[in-house]
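Worksheet: one structure, shown below.
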Protein chains: 2
Amino acid sequence: MAFPQRVKMSDVARTAGVSVATVSKVVNGRYGVAQATVERVQQVIRQLGYEASLGAQSLRSHRTNVLGILVAEFEPFSTELLKGASVEVAGTGYQLLAYSGGDGAGTAVGWERRSLARLSGTLIDGAVIVTPTVVETKQGFHVVAVDPHTGPSGLPTVDSDNFAGAVLATNYLLSLGHRRIGHISGRADLESSRLREAGFRQAMADAGVTVDERLVRVGGFRVDSAAEPAAELLSLPDRPTAVFAGNDLSAISTINVARSMGLSVPDDISVIGFDNIPESALVNPPLTTIMQPLQRMGAEALRLLIDLIAGVERDTHIRLPTELVVRSSCRPHDPAGT
Amino acid sequence: MAFPQRVKMSDVARTAGVSVATVSKVVNGRYGVAQATVERVQQVIRQLGYEASLGAQSLRSHRTNVLGILVAEFEPFSTELLKGASVEVAGTGYQLLAYSGGDGAGTAVGWERRSLARLSGTLIDGAVIVTPTVVETKQGFHVVAVDPHTGPSGLPTVDSDNFAGAVLATNYLLSLGHRRIGHISGRADLESSRLREAGFRQAMADAGVTVDERLVRVGGFRVDSAAEPAAELLSLPDRPTAVFAGNDLSAISTINVARSMGLSVPDDISVIGFDNIPESALVNPPLTTIMQPLQRMGAEALRLLIDLIAGVERDTHIRLPTELVVRSSCRPHDPAGT
DNA sequence: GTGAAAGCGCTAACAA
DNA sequence: TTGTTAGCGCTTTCAC
């Protein structure tokens with residue numbers, strides 16, 4: 001077993017004694033080929049293990065039955081979506097192609113435009129874009145955004161109720177007696193980040209608690225980018241007694257920073273996250289957080305995309321509910337400091 | 001913002017007043033283009049937001065700087081590898097393309113051959129294949145297998161020490177006083193599955209405990225496929241007091257089945273898994289398991305692939321250590337049954 | 001320094 | 001029913 005160079009359609013044609021056009025017809029199940037020929041060609045295809053090149057095929061036909069999921073990188077958030085999309089795609093006849101077009105540092109604005117430009121029109125019939133940095137609409141190519149960018153956009157979207165989730169998180173901390181609550185926000189360009197901060201402020205206002213602006217910092221939704229703002233927050237002379245982190249990664253980063261500063265979570269400071277990625281249960285202490293149904297979001301996005309391609313009339317904005325998940329990273333505030 | 005059809009190289013050429021050949025040279029940084037022309041073309045490229053089509057480009061050039069990760073589906077095991085590969089790829093100049101070529105039911109033998117045939121030669125410069133079902137070698141195309149198929153294969157591989165891990169798991173159960181230990185094995189065609197069962201048998205033999213063959217069943221490494229064998233095991237009149245599941249998914253399935261039968265884990269039966277996927281910490285009770293460094297395996301596989309492409313001389317078989325992770329799904333065996 | 005032309009592997013008219 | 005032809009968007013000689 002060392003032979004198989006790449007076998008192409010012309011190889012099949014030659015072996016079967018027909019033209020490539022005929023092979024193409026057989027491969028694509030077109031009418032107008034003698035039954036005997038069909039069988040002979042199929043026989044050769046099996047024997048040679050021929051499989052059409054996705055690149056060449058899509059270049060020509062503009063239909064591939066492959067759906068793209070475009071992400072900046074494969075981190076816990078996007079891989080959860082991927083899991084959901086993966087089970088949803090089963091039995092649809094589509095294949096899934098996940099493309100990571102970022103630079104790995106999470107800083108490349110516009111990665112989704114580049115990825116989309118490289119893959120759309122050829123290779124994929126439609127795409128789900130995860131947390132895009134810019135808004136753009138292409139003609140004749142279907143795109144669904146998960147956790148979309150801020151700003152008006154005609155794009156079909158899937159997200160969760162970020163505002164309500166943030167209110168949930170903040171109210172939980174308030175109910176525990178915290179008043180000096182910090183917030184590490186996410187990527188300023190994302191609607192979700194904006195809404196979480198807005199929910200935080202709303203809940204604080206509703207409770208009659210003034211937000212200390214020094215306790216609100218931009219964390220960027222990543223472990224590395226959140227470390228510095230977290231450190232600043234915790235170094236304040238009158239540091240917060242609780243932190244609502246914009247997502248679980250920021251929360252985990254905050255816990256790491258706290259530990260490195262000799263602070264105990266939740267004894268010295270309570271931390272709550274957002275997302276409920278699987279990793280949040282693995283940190284020490286296990287993270288209290290707001291759950292977004294990530295896998296379901298991935299599944300809904302994929303279903304929406306398939307429906308759009310099929311021309312199904314339907315609602316193109318899906319918003320799923322969030323939920324408080326209590327673990328061990330928060331405790332009641334003790335004014336006495338005992 | 002509704003304009004951009006797909007902009008192609010000919011659009012750039014026309015706008016810049018040059019030929020597509022010249023644009024191509026500029027895009028690929030070839031020598032022999034006047035500095036002024038280079039700048040003008042680059043200006044137009046930026047202005048139009050041009051990006052080369054992966055499909056067309058790869059069809060012609062057979063070099064794409066895209067590496068493939070081929071999986072049957074996006075489940076916790078493969079997505080962990082993906083996370084590891086994603087951080088490893090940063091800064092290498094490669095992009096990652098993950099392709100799910102299975103049928104979603106996990107039953108399609110040969111998916112990796114099909115996926116490979118569709119993507120290799122065009123689109124990707126090399127591939128990491130996750131738990132392939134068959135062995136095959138292509139010429140002039142680099143492939144690394146993670147958790148490879150049983151049987152001799154020239155393929156470069158990355159795996160963990162499955163045998164030692166299984167011994168670890170079994171010895172742990174033995175040390176807890178269990179003697180009637182069941183095993184739900186994995187996919188018969190995978191080397192990892194074979195080695196885990198072998199390690200189980202070895203550890204039992206070393207402890208002088210006879211394996212009851214009725215307590216060894218094939219589980220297939222998936223939640224759904226493991227449910228029936230688990231149910232059979234737990235329905236036995238003299239059911240095992242502990243089960244070593246071939247992987248975490250089977251273990252989780254076993255816990256589900258136990259609960260549905262009214263059995264308590266770990267009070268009525270202890271369960272240990274293998275893999276340490278993040279989900280294992282989320283089940284109730286949190287799963288005791290054998291950790292494979294999945295993200296690191298993904299990273300090592302990607303590094304190995306890149307080295308192979310670059311022609312670096314190096315070891316092409318990487319085996320990483322496993323480790324016992326104690327959580328709450330096992331407890332000492334109580335002969336009295338109190 | 002630049003462009004015309006051939007061709008990557010495939011599909012789709014159209015002709016035979 | 002089958003093969004011939006053109007061309008998808010791009011790269012690469014090779015003339016000019």
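Predicted, not measured: the structure shown is a model, and the values here were computed from it. Side chains included, hydrogens not; waters and symmetry mates left out as well; all remaining heavy atoms used. A, B, ... follow the sequence lines: proteins, then strands. Residue 1 opens every chain.
- To the nearest 0.5 Å, atoms OG1 (A:Thr15) and CG (A:Leu48) are separated by 5.0 Å.
- What separates CG of B:Leu123 from P of C:dC10 is a distance of 12 Å, to the nearest Å.
- Side-chain contact between A:Lys8 and A:Asp11 is present, with heavy atoms from C-beta onward closer than 4.5 Å.
- Proximity of a side-chain donor or acceptor of B:Ser24 to a complementary backbone N or O of B:Val20 within less than 3.5 Å is not detected.
- In this structure, B:Arg40 contributes its side chain and B:Ala16 its backbone to a donor-acceptor pair below 3.5 Å.
- Here the C1' atom of nucleotide C:dT2 and the CD atom of B:Gln35 are 16 Å apart, to the nearest Å.
- We find that OH of B:Tyr31 is positioned 17 Å from C1' of D:dT12, with the value rounded to whole Å.
- Taking atom NZ of residue A:Lys8 and atom C1' of nucleotide C:dG7, one finds them 11 Å apart after rounding to whole Å.
- Atom CZ of A:Arg14 is separated from atom C1' of C:dG9 by 13 Å (rounded to the nearest Å).
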Note to self: One character per nucleotide, please: for nucleotides 11-16 of chain C, 5' to 3', B when the base has a protein heavy atom closer than 4.0 Å, S when only the sugar-phosphate does, - otherwise.
What the structure shows: BB----
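- No contact: B:Ser58 has no heavy atom under 4.0 Å from any strand.
- Side chain to side chain, A:Arg118 and B:Gln57 meet the donor-acceptor criterion of an N or O pair below 3.5 Å.
- Defined by atom type and a distance below 3.5 Å, a donor-acceptor pair is present between the side-chain atoms of A:Glu39 and A:Gln35.
- Here D:dG9 presents its P atom at 16 Å from CD of B:Glu51, a figure rounded to the nearest Å.
- One interatomic measurement links the two molecules: CZ of A:Arg40 to C1' of D:dT2, which rounds to 11 Å at whole-angstrom precision.
- Of the side-chain N and O atoms in B:Ser53, none sit less than 4.0 angstrom from OP1 or OP2 of D:dC10.
- A:Leu59 has its CG atom 17 Å from the P atom of C:dG7, to the nearest Å.
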